[in-house]
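These notes are about the structure you will find just below.
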Amino acid sequence: MEKQTKEVIINQARLSIIEGDITKQSTDAIVNAANPGLMGGGGVDGAIHRAGGPAILEECQHIVAKQGRLPTGKAVITTGGKLKAKDVIHTVGPIWYGGTKNEADLLTSAYKESLKLAAENNLVSISFPSISTGAYGYPQAEASKMAVKAVASFLREQVTSIKEVVFVLFDSRTYDVYCSALEKMMAQQ
Ligand code: ADP
């Protein structure tokens, strides 16, 4: 059975955590944990392209032809194709090298650049997967801490069009890790 939604309000926006499949979300945008070539791949990236259809890959190819590969920590936006979400924001999280390659800052940047792009496009709601914790090997406890901190500080620093941010975690273990990261962060204030 799926677990209950966990949520907090930060500066007029709702930050919530659910267990589920991000391709099924009806937020304005869903975020893809992409790779720099924007060619689709495994994990959540493959699932988004499969569910959204070829229009997403087509736009990704145009973007790469125009501006080259997407650097780690940056984000771009495409259509959501056949998804419920109108748009997909593709960002590249860092590969985990034991914490020696500025991974925390790059992961923070992946979340903040995605939110910035959503706000620039006047989006109201956005869903994130657990960026970098699959094939890219970032330890979940560390990644979840950076993820909730990045989103909370973005929401605290400015009021934008964004009123709802959802972490959509694929399994109950990851859901639990993100809930406890959020609880710890809120308790520290
Ligand atoms: P990365 O390369 O950034 O590590 P992955 O796609 O390998 O990205 O994994 C990131 C996270 O996305 C993992 O926790 C994985 O379980 C999760 N994931 C995979 N498919 C989905 C999905 N359909 N919805 C939400 N999360 C998903």
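Remark: side-chain polar atoms of Asp28 are paired, donor with acceptor, to backbone N or O of Ser125 under 3.5 angstrom. Looking only at distances, a side-chain donor or acceptor of Ser114 sits under 3.5 Å from a matching main-chain atom of Ala110. Looking at Glu164, its side chain never comes within 3.5 Å of a backbone N or O of Val124 through a donor-acceptor pair.
The shortest distance between side-chain heavy atoms of Ile89 and Val76 does not fall below 4.5 Å. Looking at Phe167 and Ser130, their side chains never come closer than 4.5 Å, going by heavy atoms from C-beta outward. You'll find the side chain of Thr78 reaches within 4.5 Å of the side chain of Ile63, heavy atoms only. Annotation: side chain of Ile18 is in contact with side chain of Gln25 (closest heavy-atom distance under 4.5 Å). Lys6 is listed as a side-chain neighbour of Leu182, based on a closest heavy-atom distance under 4.5 Å.
A salt bridge is defined here as a Lys NZ or Arg NE, NH1 or NH2 lying under 4.0 Å from an Asp or Glu carboxylate O, and Glu157 with Lys112 meets this definition. Taking the charged nitrogens against the carboxylate oxygens, Lys24 and Asp21 do have a contact shorter than 4.0 Å, which makes a salt bridge.
Between Tyr111 and Phe154, the distance from one ring center to the other does not fall under 6.0 angstrom.
Remark: Lys163 NZ is packed, more than 12 non-hydrogen atoms of other residues, nucleotides or ligands lying under 6.0 Å away.
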